[in-house]
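Working notes for the structure below.
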Amino acid sequence: MVNFSAPPVIVGITGASGAAIARELIDALLELEQPVVAVASNAARMVWQEELDEPYNDAAARWVESPHFRQYAISDLFAPIASGTFPTAGMVIAPASMNSVASLAHGLTPNLLLRAADVTLKERRPLTLIPRETPLHAIHLENMLTLARMGATILPPEPPFYLKPLDIGGVVRFVAQRALVSLGIADRLPDDVQYHDRER
C-alpha cells in the first residue's frame with residue numbers, strides 16, 4: 001500500500017495533444033511537496049515523445065526521485081486509486097482526449113485512468129478536465145456538459161491574452177496554475193508566475 005503524508009492528486013495523461021501541460025502540472029505539484037499519482041496511457045507516451053524534448057520515461061525517472069511521487073500502469077486495475085476507499089485530493093486529466101471524456105461521461109471505465117476518474121466523481125472529490133480538441137461538435141459539448149453537471153470542472157487550455165504571454169510555455173504555466181486553483185491546492189494564481197520562456 002502507498003503511504004503518503006497527505007492524500008495525493010491523481011494526474012491522468014491521455015493521448016491528446018498537450019503533454020506539456022501534464023509535465024508542468026506534475027512539476028508544480030511536486031515543487032509544492034504535494035503527493036502525486038500519475039497514470040499515462042500508451043498513446044500519451046507516444047504523443048509525449050512527439051511533442052516534448054524530454055521522453056516520458058526520463059520525466060518519470062526524475063519525478064520518482066521524489067518521495068511524493070508514484071505512478072501506475074494504465075492496465076493496473078488493482079492499484080489503490082481504483083478504489084474509493086483510498087483517499088485522494090482529487091484528479092486532473094491533462095490533457096483530456098475526447099475519447100476519454102466520452103467514456104467517462106457514459107460510465108465506461110476499462111482502464112485505470114478512467115476508473116480513477118469515475119471513483120473521483122462518485123466520491124465527490126474535485127475532478128478537473130483539460131480538454132484538447134477544436135472545433136468541438138455537439139457530442140463533445142454534450143459529454144462535457146454531462147460531466148460538468150456531475151461536478152467536474154472543465155478547464156480548456158485557453159491563452160491568458162490579458163497577461164500577454166510571450167510563448168506556449170507561458171500558456172502552459174497559466175493552465176497548470178489554474179488547475180491547482182480548481183483542485184484547491186492553491187488559493188489563487190501567484191502574482192509572480194512568469195509567462196515567458198524559462199530554462200527547464
Side-chain angles (χ1 to χ4, degrees), residues 8-30 36-64 66 69-77 79 81 90-106 108-118 120 127-137 139-141 143-144 147 152-160 165 167-180 182-183 197-200:
V9 169
I10 305 168
V11 178
I13 312 168
T14 76
S17 179
I21 299 170
R23 180 171 70 177
E24 181 70 26
L25 181 60
I26 294 174
D27 283 346
L29 287 165
L30 293 179
V36 176
V37 173
V39 182
S41 70
N42 294 331
R45 295 166 186 261
M46 292 169 55
V47 171
W48 191 292
Q49 186 74 26
E50 291 294 318
E51 293 187 346
L52 299 179
D53 56 1
E54 179 184 36
Y56 179 83
N57 287 343
D58 289 0
R62 176 167 56 82
W63 295 328
V64 82
S66 168
F69 181 79
R70 298 287 186 279
Q71 67 175 334
Y72 292 100
I74 197 163
S75 59
D76 187 1
L77 291 174
I81 58 173
M91 180 173 183
V92 181
I93 303 180
S97 68
M98 289 300 104
N99 181 62
S100 295
V101 168
S103 297
L104 187 57
H106 294 278
L108 304 176
T109 60
N111 60 49
L112 181 60
L113 191 157
L114 292 170
R115 172 59 185 168
D118 190 66
T120 302
L127 175 65
T128 296
L129 307 178
I130 302 177
R132 280 288 293 116
E133 187 62 88
T134 192
L136 297 164
H137 59 57
I139 294 175
H140 296 153
L141 294 167
N143 287 335
M144 287 190 281
L147 293 171
T153 297
I154 310 299
L155 201 165
E158 302 289 350
D167 56 23
I168 293 295
V171 175
V172 166
R173 282 186 287 284
F174 176 80
V175 173
Q177 291 294 329
R178 287 296 302 267
L180 295 180
S182 75
L183 290 171
D197 197 16
R198 69 181 181 190
E199 294 295 327
R200 181 165 288 280

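These numbers come from the heavy atoms of this one structure, side chains and all, not from hydrogens, waters or symmetry mates.
Here the straight-line distance linking atom CG of Leu129 with atom CD1 of Ile93 works out to 5.0 Å at 0.5 Å rounding. Atoms CD1 and CD1, from Ile13 and Ile130 in turn, are 11.0 Å apart once rounded to the nearest 0.5 Å. Taking OG from Ser66 and CG from Leu30, the interatomic distance works out to 4.5 Å, rounded to the nearest 0.5 Å.
In plain terms, the two heavy atoms of Ala79 and Leu112 that are nearest each other are CB-CD2, 3.7 Å. Taking both residues in full, the closest heavy atoms of Leu108 and Leu114 are given as O-CD1, 3.7 Å, listed atom of the first, atom of the second, then distance. Across all their heavy atoms, Ala16 and Arg132 have their closest contact at CB-CB, 3.9 Å. Across all non-hydrogen atoms, the minimal contact from Ile21 to Pro157 is CD1-CB, 3.9 Å. In terms of heavy atoms, Ala28 sits closest to Leu180 at CB-CD1, 4.1 Å. In this structure, Leu136 and Met144 approach most closely via the heavy-atom pair CD1-CE, 3.7 Å.
Proximity of Arg62 to Asp27: side-chain heavy atoms (C-beta onward) are separated by under 4.5 Å at one or more points. The shortest side-chain heavy-atom distance between Val11 and Val39 does not fall under the 4.5 Å cut-off. Between Asn57 and Arg45, some side-chain heavy-atom pair lies under the 4.5 Å cut-off.
Between the side chain of Ser100 and the backbone N or O of Ala96, no donor-acceptor pair lies under 3.5 Å. His137 places a side-chain N or O within 3.5 Å of a backbone atom of Ile139 that can act as its donor or acceptor partner. Thr14 places a side-chain N or O within 3.5 Å of a backbone atom of Ser97 that can act as its donor or acceptor partner. The backbone N or O of Gly18 lies less than 3.5 Å from no partner atom in the side chain of Trp48, so there is not a single donor-acceptor pair. For the pair Glu51 (side chain) and Ala19 (backbone), a donor-acceptor distance under 3.5 Å is present.
Taking the six-membered ring where the residue is Trp, Trp63 and Tyr56 present perpendicular rings, their angle passing 60° and hence far from 30°.
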Requested in this report: Let me see the working for Val9 and Leu25 under side chain to side chain contact (heavy atoms under 4.5 Å, CB included), right down to the final yes or no.
Outcome: CA-CA 10 Å; Val9 169; Leu25 181 60; over 6 Å; no

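Looking only at atom types and distance, the side chain of Ser182 has no donor-acceptor partner in the side chain of Thr153 under 3.5 Å away.
With respect to Arg115 and Asp76, no salt bridge is recorded, no charged nitrogen being found less than 4.0 Å from a carboxylate O.
Other residues, nucleotides and ligands contribute over 12 non-hydrogen atoms within 6.0 Å of the CG atom of Leu141.
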